[in-house]
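The next block holds one structure in the form of structure tokens; read it before the comments.
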Amino acid sequence: MRVEANPYAYLAHHGTSPLVRLEVGTGWTAISADTDARPLNTVFAHSFTVRGLPGRVRAICGRAPHSRAQDWWVGPDAQPSGLAARLEALGLEPLPPVRMMTARLAAVTPAERRVDVRPVTTRAELADFMGVYASAYGWTAVTSDFGHRVLASLFSASSPDDAPLGHVVVRADGTPVAVASVFRHEGVAGLYNVATDPRARGRGFATAAVRAALSRAYDDGLRTAVLGAEPGAEGIYRRIGFTNTGLLHRLRYTAPAADGRIRPQDARRTHPA
């Protein structure tokens, strides 16, 4: 299994929203939107030749609309070998890499279902989901509103169980406190958007969201899961059965500077993988 296949498909799925532009080139794909919400401006699925690489990278970077910073996701199978280092040499700013991890799914025992966690089946619940996510990552109201509209455009209230992208929300005393998403692609469940409201951290709510999201995937017949663990989060996922399978490198760029090099972008953390 190519561990980056699910993350790449997850990004491309966002390109089915009318608010997001999807562009497919030779050896690369990109999504872009008029927002700072990550990962809605990302280049991925790389298969390049060494010859002419600087020119191709600059050409792809120059196609980004809205003058927004755009990230590059470089998976373990990207070509040529060492692509992330080559991109950094061209001036892209490296971000902390994501540790790709996989696991075999199993049924969740009743003891693990004690928390109040439910799938998102209505647009009101989707708003609760985005409220937790935006709070966890410090999004502005404008960024949060755009992200919500993108998710809403991908959401089918009439058949949420059939959608490839599903969400769960954990509540404490009726208040949404943690969320997670699962993207189903080619028999693999990809885990994304794990977040906890800052006021509710340290109480196991995110783990409950993860278990519930993966339990739904298991109930749907999926038996393999993949995720990208942010730095410092690997231990959490190891405890529930995930193992390391490689690094997904991330780099960021802005528009070319006057000297033709790609000008590094402030690498502040704005979105988890």
Side-chain angles (χ1 to χ4, degrees), residues 2-100 137 139-140 142-143 146-147 149-150 192 228 230-231 246-273:
R2 293 177 62 248
V3 294
E4 62 262 60
N6 192 282
Y8 286 176
Y10 168 74
L11 291 176
H13 180 65
H14 286 75
T16 65
S17 166
L19 299 171
V20 180
R21 177 188 178 193
L22 176 67
E23 187 174 9
V24 180
T26 303
W28 60 275
T29 306
I31 55 172
S32 56
D34 191 12
T35 179
D36 290 325
R38 316 315 298 177
L40 295 181
N41 288 285
T42 303
V43 179
F44 55 101
H46 312 101
S47 179
F48 298 140
T49 58
V50 174
R51 184 177 181 180
L53 180 63
R56 291 196 65 194
V57 170
R58 291 192 184 96
I60 296 168
C61 292
R63 300 173 75 91
H66 318 303
S67 299
R68 300 282 182 180
Q70 192 165 44
D71 295 346
W72 285 56
W73 285 15
V74 182
D77 290 333
Q79 297 295 324
S81 177
L83 178 59
R86 295 173 187 272
L87 294 175
E88 184 176 351
L90 290 173
L92 276 74
E93 182 75 11
L95 304 178
V98 166
R99 177 68 66 181
M100 299 304 299
Y137 291 100
W139 279 7
T140 66
V142 171
T143 300
F146 193 96
R149 286 190 287 127
V150 170
Y192 301 94
E230 291 285 336
L247 286 178
L248 188 149
H249 293 277
R250 299 176 297 179
L251 303 99
R252 183 167 295 171
Y253 74 90
T254 57
D259 62 3
R261 285 177 60 83
I262 300 165
R263 185 168 57 247
Q265 166 74 10
D266 173 18
R268 60 186 180 277
R269 182 170 179 242
T270 56
H271 180 82

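Everything numeric in this text was worked out from a predicted model, so none of it was measured.
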Between atom [atom1] of [X] and atom [atom2] of [Y], what is the distance when rounded to the nearest 0.5 Å?
| X | Y | atom1 | atom2 | answer |
| --- | --- | --- | --- | --- |
| Arg252 | Thr42 | CZ | OG1 | 8.5 Å |
| Ile31 | Phe44 | CD1 | CZ | 5.5 Å |
| Arg86 | Phe48 | CZ | CZ | 12.0 Å |
| Tyr253 | Leu87 | OH | CG | 11.0 Å |
| Glu4 | Leu11 | CD | CG | 11.5 Å |
| Leu251 | Glu93 | CG | CD | 8.5 Å |

With heavy-atom distances below 4.5 Å as the criterion, would you say the side chains of [X] and [Y] are in contact?
| X | Y | value |
| --- | --- | --- |
| Thr29 | Tyr8 | no |
| Trp72 | Ile60 | yes |
| Leu19 | Leu40 | no |
| Arg250 | Arg38 | no |
| Asp71 | Pro39 | no |
| Glu230 | Val98 | yes |
| Cys61 | Gln70 | no |
| Thr143 | Tyr137 | no |

Closest non-hydrogen atom pair between [X] and [Y], with its separation:
| X | Y | answer |
| --- | --- | --- |
| Val74 | Ala84 | CG1-N, 4.1 Å |
| Met100 | Pro7 | CE-CG, 3.7 Å |
| Val43 | Ala30 | CG2-CB, 4.1 Å |
| Trp139 | Gly147 | CZ3-CA, 4.4 Å |
| Pro96 | Pro231 | CB-CG, 3.7 Å |

Notebook entry, point to check: In a check of side-chain contact (heavy atoms from CB on, under 4.5 Å) between Ser32 and each of Asn41, Leu22, Val20, which one passes?
Noted result: Asn41
Margin query: Given 3.5 Å as the limit, does a donor-acceptor pair link the side chain of Thr16 with the main chain of His13, or not?
Written below: yes
Item checked: Donor-acceptor contact present, side-chain His46 to main-chain Trp73, <3.5 Å -> yes
Check: Please walk me through it: do Thr35 and Val150 pass side-chain contact (heavy atoms from CB on, under 4.5 Å)?
Finding: CA-CA 11 Å; Thr35 179; Val150 170; over 6 Å; no
Note to self: Going by the rule salt bridge (Lys or Arg N to Asp or Glu O under 4.0 Å), which residues pair with Arg149 if we only count those two or more places apart in sequence or in a different chain?
What the structure shows: Asp145
Check: Sequence neighbours excluded, which residues qualify as ring pair (Phe, Tyr, Trp, His ring centres under 6.0 Å) partners of His249?
Finding: none
Next item on the list: Just say parallel, tilted or perpendicular for the rings of Tyr192 and Tyr10, cut-offs at 30° and 60°.
Entry: parallel
